[in-house]
Amino acid sequence: MRGILFTGGYGPDMALAGRFLDSGDFVIAADSGLVIAEKAGIVPDLIVGDMDSLDDASILSRYPEERIKIWPRDKDYTDTELALAALADRGINDIILIGGSGGRIDHFLALRALFDRQYCPSLWLGDTSLVVAVGSGTPSSTIRISGLCDADPVSVFAAGAGPHLASGSGFHWAVDRLAWEKGEFSLSNRAETGSVDFTARSGRFFLVVPLTRAIEIERR
C-alpha cells in the first residue's frame with residue numbers, strides 16, 4: 001500500500017497530479033492539507049495536526065472522530081512530520097507528498113529536510129514541480145523520467161547520508177562526475193531527447209522536473 005500525504009501550502013493542479021494516485025492508496029491529511037484533498041474530491045482516511053491552519057475548522061465535523069487526531073499547538077513536530085509518523089506506524093514506505101509550495105521559507109526548508117531522513121517521501125508534487133527521490137531508502141535506485149521538452153529544467157541534488165555516487169544518460173550536462181559530497185548539484189540541466197535515465201549507485205538523490213501533463217516516471 002502507498003501513502004498519500006496532503007500537506008498545507010499550495011498544491012498542484014489535480015488534473016495533472018491525479019494520475020499518480022490510486023484507489024488503493026492510504027490517504028492522510030496534515031492540517032490544512034485537508035483543504036487540498038477536499039478540493040481534489042479525495043476523502044482522507046486519517047487527518048492529523050493541531051488544525052491551526054484551517055480557516056474553517058467546522059469541516060472536521062464531516063469526518064468520523066476516529067479519523068481525526070488533533071495535537072496541541074505547543075509541539076516540537078510539524079504536522080507533516082506527525083503524518084509521516086502515522087504512515088510509518090502502518091508500515092507504509094512508499095509515500096507521495098502533495099502540497100507544501102509557497103509560504104514561509106522555513107516551512108519549505110523543513111519539507112526539503114525530510115528528504116535527508118531515512119524515512120522520506122518518494123514523490124513530492126508541488127504547485128508546478130515534481131520531486132522524485134531515488135536511491136537509499138526509496139522504492140528504487142534507477143528511474144527514467146520521460147515526456148520532457150527541450151526547455152524543461154531537470155535539476156539533481158544529493159540528499160541524506162553519503163557517500164553519493166550517481167550515473168545518468170540523456171542529460172545535456174553529465175551528472176556522473178559531480179563531487180556531491182562538496183555540495184555540488186546539477187541545476188537546470190535538461191533532457192537531450194525528451195527523457196533522462198538516472199541511477200543512484202550510492203546514497204540518495206532527488207530530481208526536480210516540471211509537473212506537466214506529459215511527464216512520466218518509471219522506476220526500475
Handout entry: Sub-4.5 Å side-chain heavy-atom contact between F198 and L207
Key = yes
Practice task
Please examine the side chains of I36 and K39, heavy atoms only from C-beta on, and report whether any two atoms are closer than 4.5 Å.
Solution key: no
Problem - Greater than 12 external heavy atoms within 6.0 Å of E65's CD - result: no
For residues 123-131, which side-chain N or O atoms pair as donor and acceptor with protein atoms under 3.5 Å away, sequence neighbours left out?
| residue | atom | partner | partner atom | Å |
| --- | --- | --- | --- | --- |
| W124 | NE1 | G99 | O | 2.7 |
| D127 | OD1 | S101 | OG | 3.1 |

To the nearest 0.5 angstrom, please state how far the [atom1] atom of [X] sits from the [atom2] atom of [Y].
X: D56; Y: S61; atom1: CG; atom2: OG; result: 8.0 Å
X: I4; Y: I96; atom1: CD1; atom2: CD1; result: 4.0 Å
X: I95; Y: L5; atom1: CD1; atom2: CG; result: 7.0 Å
X: D55; Y: S32; atom1: CG; atom2: OG; result: 8.0 Å

Practice task
Dump the intermediate steps for side chain to side chain donor-acceptor pair (under 3.5 Å) on R144 and S195, then the final yes or no.
Solution key: CA-CA 7 Å; R144 166 170 283 191; S195 66; 4.5 Å; no
Do side-chain atoms of [X] reach the backbone of [Y] as a donor and acceptor pair under 3.5 angstrom?
X: D50; Y: D52; value: yes
X: R204; Y: A161; value: no
X: R201; Y: G135; value: no

Practice task
Go through the steps to decide whether L84 and E81 satisfy the test side chain to side chain contact (heavy atoms under 4.5 Å, CB included), and finish with yes or no.
Solution key: CA-CA 5 Å; L84 281 172; E81 287 180 294; 5.5 Å; no
Practice task
Report whether V156 and I143 are members of the same hydrophobic cluster (ILVMFWY, side-chain heavy atoms less than 4.5 Å apart, transitive linking).
Solution key: yes
Exercise for the section: Go through the side-chain N and O atoms of S122 and T138 and say whether any donor and acceptor fall under 3.5 Å apart. Expected result: no
Exercise for the section: Please determine, by modelled atom types, if R220 and T142 share a side-chain donor-acceptor pair under 3.5 angstrom. Expected result: no
Problem - Trace of the side chain to side chain contact (heavy atoms under 4.5 Å, CB included) decision for Y119 with L87 - result: CA-CA 10 Å; Y119 185 75; L87 292 171; 3.4 Å; yes
Practice task
Evaluate side chain to side chain contact (heavy atoms under 4.5 Å, CB included) for F20 paired with I217, printing each intermediate quantity in order.
Solution key: CA-CA 9 Å; F20 292 99; I217 308 296; 4.1 Å; yes
Indicate every side-chain donor-acceptor pair of residues 168-177 with a distance under 3.5 Å to a residue at least two apart or in another chain.
| residue | atom | partner | partner atom | Å |
| --- | --- | --- | --- | --- |
| H172 | ND1 | E192 | OE1 | 3.4 |
| H172 | NE2 | R190 | NH2 | 3.2 |

Exercise for the section: Flag the pair F205 / F157 as yes when their ring centroid distance falls below 6.0 Å, and as no otherwise. Expected result: no
Problem - W71 six-ring face occupied by K69 cation (under 6.0 Å, within 45°) - result: yes
